[in-house]
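Notes follow once the structure below has been shown.
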Amino acid sequence: MAFLVGAVSCNRELRRIEKSNDLEKKLAYANKMYDKKKYQMAQTLYEELIPIFKGTEKFEDLYYKYAYCSFYLKDYTQATFHFKNYLEALPSSPRAMEVDYQHAYSYYKLSPKVPLDQTNSMKAIAAMQTFINSYPTSPKAAEANVVIELLRRKLEQKDYNAAELYYNLGHYKAAGVSFKSLMRAYPDSEKSDGYKFMAIKCYYQYAKQSIPTKQMERYETVVTEYLEFTDRYPSSKLKDDAEKYYTLAKNNIKTLENEQNKEKSNQ
């Protein structure tokens, strides 16, 4: 009951302040609400005061708090917009480094679960990298690198899921291309050799299902992929498994060559 009475009292005071023509009093009350973490109320007042105080010495602090209101209210789309606007309007502000990080971090907060569109994850990576480039000695630079790594893992998992789906559906050529792309996109991944191995496996299955006239060149692709695998990952635990597909491909090539030679001799 006390909470309800307090809320009603606050709303009544807010309506009274909103009707007031005393702009300084409005700003002071908005700051009071901000300090009390009543961000929705503060935001409502700041919104009205922004065009009035723009160009004055009080605008910087006002807009700084206004941008943070969106962030604290978890409206991260608006937060990215307002943090960016702050930087564009006040590039020399002593708070620029902090706001730049918050701009990038707001995109990170917008990053969705793996199966969903990852546009905001890519925007977050780009924004975090821009922050690191702009402030390489900042204490936040290490944190920015951690965020980038987390986001890259998410993108990697999404790409892996797509490649795996192609494989499970029997689209072996598309799967092979996807696994190779994964290996190239994430060369430092601990799963990189696994992606290359899956590419070998996919290309073998693709060759196996191909029409006879296309099998030779496609088995040769398997051989090439295996040789690249051994060159790139000489100590991989998957080397023996990869070698099995190499041996199968070589044997199939030899069989195809023998059949071709027989046909020539019978002509």
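All residue numbers refer to positions in the sequence shown, counting from 1. Quick caveat: nothing in here was measured; it's all calculated off a predicted structure. Heavy-atom basis, side chains included; hydrogens, waters and symmetry copies ignored.
For F71 and Y76, the gap between ring centers is short of 6.0 Å. Separation of the Y68 and F83 ring centroids falls under the 6.0 Å cut-off. Checked against a 6.0 Å centroid threshold, the rings of Y172 and Y206 do not count as neighbours. Residues F59 and F53 place their aromatic rings such that the two centres sit no closer than 6.0 Å.
Using a 4.0 Å cut-off between charged nitrogen and carboxylate oxygen, K26 and D22 do not count as a salt-bridge pair. The residues D241 and K244 are annotated as salt-bridged, a charged nitrogen and a carboxylate oxygen being separated by less than 4.0 angstrom. Here R153 pairs with E149 in a salt bridge; the nearest charged N to carboxylate O distance falls below 4.0 Å.
When only modelled atom types and interatomic distance are considered, E164 and N168 share no side-chain donor-acceptor pair under 3.5 Å. In the model, K154 has a side-chain atom that pairs as donor or acceptor with a side-chain atom of S111 under 3.5 Å. Counting only N and O atoms by type, the side chains of Q43 and Y66 include no donor and acceptor under 3.5 Å apart.
Taking each heavy atom of Y195 and E156 in turn, the nearest pair found is OH-OE2, 2.6 Å.
Ring geometry, Y233 versus F229: the interplanar angle falls from 30° to 60°, so the pair is classed tilted. In this structure, Y219 and Y204 have tilted ring planes: the angle between them lies in the 30° to 60° band. Ring pair Y39/Y34 is perpendicular by interplanar angle, where above 60° counts as perpendicular and below 30° as parallel.
Remark: side-chain polar atoms of K180 are not paired, donor with acceptor, to backbone N or O of I200 under 3.5 angstrom.
For the pair R95 and Y64, the cation-pi test (distance below 6.0 Å, angle within 45°) is passed. A cation-pi geometry, defined here as NZ or CZ lying under 6.0 Å from the six-membered ring centre and within 45° of its normal, holds between K140 and Y101.
Put simply, CE on M183 and OG on S192 are 6.0 Å apart, with the number rounded to the nearest 0.5 Å.
Residues P94 and E60 are in side-chain contact: their nearest non-hydrogen atoms beyond the backbone lie under 4.5 Å apart.
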